[in-house]
Number of protein chains: 2
Amino acid sequence: MTKSIKDILIKDLNARVNGSLWLEVGDGHFFGPGPVELLERIAETGSISNAAKEMKMSYKKAWELINRLNAQMATPVVIPQAGGEKGGGSIITSEAIELIKYHRLLRKRFADFLEKETKRLKF
Amino acid sequence: MTKSIKDILIKDLNARVNGSLWLEVGDGHFFGPGPVELLERIAETGSISNAAKEMKMSYKKAWELINRLNAQMATPVVIPQAGGEKGGGSIITSEAIELIKYHRLLRKRFADFLEKETKRLKF
DNA sequence: TATCGTTATATATTTAAATATATAACGATA
DNA sequence: TATCGTTATATATTTAAATATATAACGATA
């Protein structure tokens with residue numbers, strides 16, 4: 001009695017199906033989990049700098065990410081202001097909010113897919 | 001008349017949904033596209049060394065990958081032989097063949113999911 | 001027992017990506 | 001006009017991952 005691959009994957013290894021998802025444009029990645037979280041935190045904290053700190057991401061990386069997004073989108077996702085009452089800050093646009101919402105729904109459907117595939121492995 | 005996020009993503013950027021998929025066990029990645037391709041090429045070429053060359057992967061990386069897989073699985077995926085008539089070689093087990101088949105089906109379903117989500121973006 | 005090309009292994013080097021550091025520019029406010 | 005903390009930018013350093021290189025062990029065969 002030989003073991004099926006399912007037996008090995010599930011019974012012996014307790015394996016599960018996992019993955020990651022992003023929006024792609026032209027050649028490469030465009031909008032994935034990282035940018036989503038960064039935008040959310042910019043909205044919360046009011047600045048790229050603080051958002052980056054919270055994520056333990058270097059400010060440089062965060063700024064380049066936002067800069068790239070703003071350049072690629074037809075409409076910017078973040079409006080930065082250098083200088084001002086408290087030194088400045090950044091706000092996210094309504095388009096960014098829509099993007100986040102869309103991505104949440106998309107990820108939910110993806111999570112369902114992954115769960116379904118993991119369950120399928122078990123029966 | 002403001003643009004919806006869908007308009008921006010599809011009309012302006014021609015964005016599509018993409019992602020990657022793997023089997024996970026315990027803490028981390030376990031079996032993704034890379035290992036699948038490597039196993040396929042070991043089956044074709046009869047050696048880890050040649051398979052790695054074809055993929056332009058360093059032998060070391062290929063060997064470590066196979067070694068890790070063999071250690072993690074209840075049954076090895078590759079049977080290596082050092083020494084022998086032509087210096088040696090490696091063959092893949094029936095479990096490896098099953099794994100590859102399973103992964104192909106899984107990726108097909110994932111591709112369908114991605115296509116569906118990309119189309120959903122368009123309407 | 002010499003030969004073959006492979007597996008198995010250690011170590012050095014290269015590469016790419018990230019963080020770290022420093023600093024100018026900014027603009028509302030007191 | 002001095003101050004604030006931020007954005008914006010360049011450069012140095014660190015880190016992690018990969019390749020490159022070298023070599024011993026292997027075992028069937030002639």
Side-chain angles (χ1 to χ4, degrees), chain A residues 20 22 24 27-73 75-93 96, chain B residues 20 22 24 27-73 75-93 96:
Chain A
S20 75
W22 58 83
E24 212 172 271
D27 45 340
H29 285 213
F30 162 64
F31 194 70
V36 173
E37 188 181 345
L38 187 60
L39 287 180
E40 287 172 337
R41 289 185 193 268
I42 290 173
E44 277 169 33
T45 63
S47 84
I48 298 174
S49 169
N50 286 327
K53 249 173 231 152
E54 280 193 1
M55 288 178 71
K56 290 178 185 177
M57 178 187 285
S58 66
Y59 171 78
K60 190 187 184 188
K61 190 181 169 188
W63 183 84
E64 282 175 346
L65 203 155
I66 294 299
N67 196 246
R68 176 181 63 74
L69 271 178
N70 274 351
Q72 281 179 322
M73 293 282 287
T75 281
V77 285
V78 169
I79 309 285
Q81 192 196 8
E85 36 181 347
K86 295 172 97 179
S90 293
I91 57 174
I92 76 174
T93 64
Chain B
S20 76
W22 58 84
E24 213 171 272
D27 45 339
H29 285 212
F30 162 65
F31 195 70
V36 174
E37 188 180 346
L38 187 60
L39 287 180
E40 286 171 338
R41 289 183 193 268
I42 291 173
E44 278 169 32
T45 63
S47 83
I48 298 174
S49 169
N50 285 327
K53 246 172 232 153
E54 280 192 2
M55 287 179 72
K56 290 179 185 176
M57 179 188 283
S58 66
Y59 171 79
K60 190 188 184 188
K61 191 182 169 187
W63 183 84
E64 282 175 346
L65 205 154
I66 294 300
N67 196 246
R68 175 181 64 74
L69 271 178
N70 273 352
Q72 282 179 322
M73 293 282 288
T75 281
V77 286
V78 168
I79 309 284
Q81 193 195 7
E85 37 181 346
K86 296 172 96 178
S90 293
I91 56 174
I92 74 174
T93 64

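Chain letters run A, B, ... following the sequence lines, proteins first and then strands; every chain starts at 1.
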(Q) Working note: B/Val77 + B/Ile92, criterion side chain to side chain contact (heavy atoms under 4.5 Å, CB included); need CA distance, chi angles, decisive distance, verdict. (A) CA-CA 6 Å; B/Val77 286; B/Ile92 74 174; over 6 Å; no
Winner on side-chain proximity to B/Lys61, out of D/dA18, C/dT7, D/dT7, is D/dA18
So OG of A/Ser90 and CD1 of A/Ile48: to nearest 0.5 Å the spacing works out to 3.5 Å
note: A/Leu69, atom CG; D/dT7, atom C1'; distance rounded to Å ~ 17 Å
Give a yes/no on whether any side-chain N or O of B/Ser90 is located under 4.0 angstrom from OP1 or OP2 of C/dT7.
yes
The nucleotide from C/dA8, C/dT6, D/dT7 with an atom nearest the side chain of A/Ser47 is D/dT7
For D/dA22, the nucleotide meeting Watson-Crick or G-U wobble distances (both under 3.5 Å) is C/dT9
Interatomic distance, CZ@B/Arg41 vs CG@B/Asn50, rounded to 0.5 Å, equals 11.5 Å
Here the distance between atom P of D/dA17 and atom CE of B/Met57, to the nearest Å, is 15 Å
| task | Just call it for A/Gly89: base, sugar-phosphate, or nothing, with non-hydrogen atoms closer than 4.0 Å on any strand. | result | sugar-phosphate
Rounded to the nearest 0.5 Å, the NZ atom of B/Lys53 sits from the OG atom of B/Ser47 at a distance of 7.0 Å
With the side chain defined as heavy atoms from C-beta on, A/Gln81 is closest, among C/dT6, C/dA18, C/dA28, to C/dA28
Picking from C/dT7, C/dT19, D/dT9, the nucleotide nearest the side-chain atoms of B/Pro80 would be C/dT7
Re D/dG27: Watson-Crick or G-U wobble partner, both distances kept under 3.5 Å, found to be C/dC4
Quick note, B/Lys60 side chain, CB onward, closest among C/dA8, C/dT6, C/dA10 is C/dA10
Over all strands shown, is B/Asn67 touching base, sugar-phosphate only, or nothing at heavy-atom distances under 4.0 angstrom? nothing
Picking from C/dT6, C/dT9, C/dA18, the nucleotide nearest the side-chain atoms of B/Tyr59 would be C/dT9
note: B/Leu65, atom CG; D/dA17, atom P; distance rounded to Å ~ 14 Å
Q. Ion pair present between B/Glu64 and B/Arg68, side-chain N to carboxylate O less than 4.0 angstrom?
A. no
Atom CH2 of B/Trp63 and atom P of D/dA22 are separated, to the nearest Å, by 21 Å
Among the nucleotides D/dG27, C/dT7, D/dT11, whichever has the atom closest to the side chain of B/Ile48 is C/dT7
Picking from C/dT7, D/dT29, D/dT6, the nucleotide nearest the side-chain atoms of B/Glu85 would be D/dT29
Separation of D/dT9 atom C1' from A/Ile66 atom CD1, nearest Å, is 17 Å
Scanning all shown strands, the Watson-Crick or wobble mate of C/dT15 with both distances under 3.5 Å is D/dA16
CG of B/Leu69 to CG of B/Leu39, rounded to nearest 0.5 Å, is 6.5 Å
Taken to the nearest whole Å, NZ/B/Lys53 to C1'/D/dA20 is 14 Å
Here the distance between atom P of D/dT9 and atom CZ of A/Arg68, to the nearest Å, is 17 Å
Regarding C/dT3, can its base be found pairing with the side chain of B/Lys86 as donor and acceptor, where the two atoms are less than 3.5 Å apart?
no
